[in-house]
Undergrad: 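After the structure tokens below, expect a handful of questions from me.
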Protein chains: 2
Amino acid sequence: MARIIAVQTNDVRFPTSRTLDGSDAMNPDPDYSVAYLRIRTDAADGHEGHGFVFTIGRGNDVQVAAVRALGDHLIGRDVAGTLADLGGVWRELVHDSQLRWLGPEKGIMHMAIGAVVNALWDLRAKREGKPLWQLLASLPPGELVDLVDFRYLTDALTRDEALGILRAAEPGREEREARLLAEGYPAYTTTPGWLGYDDAKLARLCREAVADGFTQIKIKIGDDLGDDIRRLGIAREVCGPDIRIAVDANQRWDVGDAITWLDALRPFEPAWIEEPTSPDDVLGHAAIAKAVAPLPVATGEHIANRVVFKQFLQAGALSVLQLDATRVAGVNENVAILLLAAKFGVRVCPHAGGAGLCEAVQHLSMFDYIAVSGSVENRVIEFIDHLHQHFVTPVDVRGGRYYPPKAPGAGTEMRQESIVEYSHGYRSVRK
Amino acid sequence: MARIIAVQTNDVRFPTSRTLDGSDAMNPDPDYSVAYLRIRTDAADGHEGHGFVFTIGRGNDVQVAAVRALGDHLIGRDVAGTLADLGGVWRELVHDSQLRWLGPEKGIMHMAIGAVVNALWDLRAKREGKPLWQLLASLPPGELVDLVDFRYLTDALTRDEALGILRAAEPGREEREARLLAEGYPAYTTTPGWLGYDDAKLARLCREAVADGFTQIKIKIGDDLGDDIRRLGIAREVCGPDIRIAVDANQRWDVGDAITWLDALRPFEPAWIEEPTSPDDVLGHAAIAKAVAPLPVATGEHIANRVVFKQFLQAGALSVLQLDATRVAGVNENVAILLLAAKFGVRVCPHAGGAGLCEAVQHLSMFDYIAVSGSVENRVIEFIDHLHQHFVTPVDVRGGRYYPPKAPGAGTEMRQESIVEYSHGYRSVRK
């Protein structure tokens with residue numbers, strides 16, 4: 001019987017602050033980083049499970065320590081039994097009462113659990129010889145709901161309702177998979193819009209985005225209203241009237257400020273306003289959504305867990321749900337979030353970019369299309385053209401669309417050379 | 001000019017799971033622990049600042065790593081300048097954009113900031129020769145509001161409103177301080193009610209609590225309804241009709257379950273229901289509060305930050321606010337929470353127990369009485385008779401009341417012998 005024999009971690013940091021890639025109103029100088037995890041087994045197949053938490057620099061060592069602390073839950077486990085019950089593993093990790101105290105279900109420890117869960121899914125997908133999206137989309141509804149912990153969700157979504165959603169989407173799975181393979185999944189690009197870029201670079205990158213086939217871009221705003229108006233004007237002029245332009249304030253405002261600021265941007269007809277205020281503020285977002293309607297409110301990349309997502313949906317506080325592959329506790333919690341979104345009829349447009357987030361999150365949207373919502377209407381996965389070269393199976397984005405990965409796994413494996421080259425420990429030693 | 005020259009941390013764990021002290025429906029076997037911090041300066045006075053995060057065991061090493069990671073923000077700082085602007089220090093730590101990504105404002109990194117902020121307050125109080133409660137209660141309203149970050153709060157509480165609350169409480173500060181010193185602050189005890197205790201121990205501890213002068217006790221519930229009914233019956237019989245009995249479910253239920261379960265406990269007229277469901281579920285608590293009225297809903301020990309507290313108050317989702325000394329980012333954030341509670345007219349009954357939480361949190365309630373709410377009506381600080389002997393200035397609870405500490409500091413300093421005796425690293429070595 002094969003067992004898990006080792007859990008290795010790495011503190012990997014890319015010096016992205018040097019070029020202001022990723023700069024926005026709240027994050028002026030991120031160093032895109034990953035707290036990386038590799039699970040090894042003694043199975044003859046040699047497969048490993050890889051996962052990570054994306055961070056933006058300082059504190060990545062603490063995130064790594066949290067991932068490492070979960071090793072005790074893994075070492076010595078029967079591989080096949082573990083992978084056959086990932087719902088059970090999720091509950092065991094999230095409800096470990098001592099670790100739970102450190103959240104509960106939020107922040108560093110919850111994200112660490114996400115890395116472990118995603119690494120186990122990577123291992124399972126490799127062992128089954130399928131990309132994660134295809135593996136998930138091949139599971140029967142009963143097995144999918146077993147992945148989900150309905151604790152704290154039942155006032156909004158019961159197990160039976162979730163089963164009903166999945167069963168309703170069973171007809172047409174094959175047809176949608178074929179269409180996905182042929183046509184890809186729509187993307188939008190944030191590459192042009194970083195706050196640290198000057199006007200010329202903004203205009204050039206907008207032009208390139210349109211030429212590359214994107215039909216939506218995103219601009220960072222929220223630092224200075226005059227700058228925002230000027231930059232939105234440039235983007236609109238370069239892109240023309242048919243390209244959707246979303247705006248992203250990265251949590252910069254209080255509720256009242258958001259409403260005033262967005263009123264001034266109304267002439268530009270943004271595709272959505274993203275993260276207008278604190279990601280914990282369900283009631284604040286609901287107030288903003290009501291005041292700025294019909295402008296859609298988007299958020300999710302910093303929403304801590306499914307319980308907070310539930311409330312955003314109950315309160316009508318978002319109409320574009322931006323789940324993230326490494327903020328919540330991995331694939332299982334994102335399956336719960338996709339089911340909640342389907343129940344409330346809200347479109348999911350995942351957060352990506354960072355390092356490896358595009359590679360990871362595309363699997364969730366593709367699974368959603370085939371087996372949950374059954375729709376790509378008005379749905380787009382974020383794309384940012386950064387750091388893909390460091391992953392073993394970089395995304396395939398062409399003509400403004402993500403083409404489904406075919407390699408087995410969850411897309412979360414980094415190239416060994418990149419891990420060594422950007423490992424924080426190694427770099428310190430070499431200086 | 002004196003500077004901060006060292007930041008030392010310790011991983012301290014007490015083996016409380018052996019006796020089931022602290023056992024409840026969600027936490028069957030806690031090992032009460034602290035991620036401990038000591039700030040040293042090169043000032044001639046030799047004063048140190050001590051602070052900690054309370055945890056319940058596993059993961060305390062990760063919490064220590066997070067506290068240690070904040071050392072870079074402290075080493076080399078001018079002591080006097082730092083302590084004169086603790087509002088500025090709070091903002092610097094909480095809004096460090098790279099560290100903020102790890103929450104934001106929640107979980108391990110936010111609690112680590114709390115330990116640092118509390119240690120700085122401990123240092124300041126020692127240098128000024130006052131206990132923290134008296135130091136805070138001596139500050140003018142303008143200086144108190146400067147401690148508070150109003151970001152994300154202004155739709156519920158503005159700086160001017162906070163100033164107004166503090167100015168309205170200025171008359172009578174001296175009289176209330178004198179009364180506090182003479183009469184103490186009301187307490188209630190959770191010592192009898194742990195879920196792991198048998199009926200005989202429950203009855204004996206109830207009897208002792210009443211004999212000791214407590215007018216309120218608390219019983220842990222939520223594991224089995226039959227057990228809860230039997231145990232509440234025992235407690236009521238032993239305590240008699242005049243003692244208030246609060247009940248605490250420690251987040252065990254979904255919204256619907258909570259409402260059904262509490263209906264069955266109605267005949268016992270609980271003083272409040274504590275933590276009926278997830279501490280992130282503002283809307284869930286609001287639904288429960290509405291359904292079980294007039295039974296008061298209490299929560300707060302696991303509420304991540306002031307933004308979530310704001311919403312609980314806006315939604316009428318709690319009527320007893322249970323702030324905790326080490327869950328949020330320290331004294332400054334708790335001052336914000338006390339001001340929010342005062343604005344909404346909600347009573348504050350802090351969470352305590354654990355290790356050192358009674359010693360720390362009493363300062364906040366006493367400050368609140370003198371300078372914020374001006375009231376002790378219906379307010380009680382939790383008391384649990386555990387582990388006080390490990391602190392340099394253990395609480396003085398007599399006749400069911402906390403008597404104000406007179407030693408300079410924030411109450412957060414542990415005895416050096418206890419740190420060594422229970423240090424996790426030392427223990428591992430000795431095994």
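So you know, we letter chains A, B, ... as the sequences are listed, proteins then strands, and number each from 1.
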Undergrad: Apply side chain to side chain donor-acceptor pair (under 3.5 Å) to A/E274 and list each qualifying residue two or more places apart in sequence or on a separate chain.
TA: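 Only A/K218, A/W272, A/Q322 meet the side chain to side chain donor-acceptor pair (under 3.5 Å) criterion with A/E274.
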
Undergrad: Is A/M111 in contact with chain B via its backbone, its side chain, both, or neither, using a 4.5 Å heavy-atom distance?
TA: side chain

Undergrad: Does anything in residues 153-161 of chain B get under 4.5 Å of chain A by heavy atoms, and if so which residues?
TA: B/L153, B/T154, B/D155

Undergrad: Residues two or more places apart in sequence or in another chain: which of them pass side chain to side chain donor-acceptor pair (under 3.5 Å) with A/E301?
TA: A/H351

Undergrad: Among B/G57, B/S97, B/S17, B/G107, who wins on heavy-atom pairs under 4.5 Å with chain A?
TA: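 Ranked by contacts with chain A, first place is B/S97.
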
Undergrad: For A/K106 and B/H110: C-alpha separation, side-chain torsions, deciding distance, then whether side chain to side chain contact (heavy atoms under 4.5 Å, CB included) applies.
TA: CA-CA 11 Å; A/K106 57 179 67 69; B/H110 201 57; over 6 Å; no

Undergrad: Using a cut-off of under 4.5 Å on heavy-atom pairs, state which of A/G59, A/P28, A/P104 scores highest against chain B.
TA: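 Among the listed options, the one with the most contacts to chain B is A/P104.
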
Undergrad: Just give me the residue among A/M109, A/K310, A/R151 that pairs up with chain B most often, heavy atom to heavy atom, under 4.5 Å.
TA: A/R151

Undergrad: Would you sort out whether B/Q311 and A/Q311 count as a side chain to side chain contact (heavy atoms under 4.5 Å, CB included), showing the intermediate values?
TA: CA-CA 12 Å; B/Q311 294 174 79; A/Q311 294 173 81; 5.8 Å; no

Undergrad: Give, as side chain, backbone, both or neither, the part of A/D31 having an atom under 4.5 angstrom from any heavy atom of chain B.
TA: both

Undergrad: Flag the one option from A/N305, A/D96, A/V308 with the top tally of heavy-atom pairs under 4.5 Å to chain B.
TA: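 Looking at each of A/N305, A/D96, A/V308 in turn, A/D96 comes out on top.
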
Undergrad: Taking only heavy atoms into account, what residues of residues 276-283 of chain B are found under 4.5 Å from chain A?
TA: B/T277, B/S278, B/P279, B/D280, B/D281, B/V282, B/L283

Undergrad: Looking at A/Q314, A/H302, A/Q63, which makes the most heavy-atom pairs under 4.5 Å with chain B?
TA: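 Top count of heavy-atom pairs under 4.5 Å with chain B: A/H302.
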
Undergrad: Between A/Y152 (side chain only) and B/Q251 (backbone N and O only), is there a donor and an acceptor less than 3.5 Å apart?
TA: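 Present.
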
Undergrad: Among B/D29, B/N60, B/N27, B/T55, exactly one meets side chain to side chain contact (heavy atoms under 4.5 Å, CB included) together with A/Q98. Which residue is that?
TA: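 Exactly one pass, corresponding to B/D29.
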
Undergrad: Please classify the contact of A/A66 with chain B as side chain, backbone, both or neither, using a heavy-atom distance under 4.5 Å.
TA: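 Both parts, heavy atoms under 4.5 Å.
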
Undergrad: Please flag which part of A/R252 lies under 4.5 Å from any non-hydrogen atom of chain B: side chain, backbone, both or neither.
TA: both

Undergrad: Where does A/F54 contact chain B at under 4.5 Å (heavy atoms): side chain, backbone, both or neither?
TA: both

Undergrad: Under 4.5 Å heavy-atom distance to chain B, tell me which part of A/R68 shows up: side chain, backbone, both or neither.
TA: neither

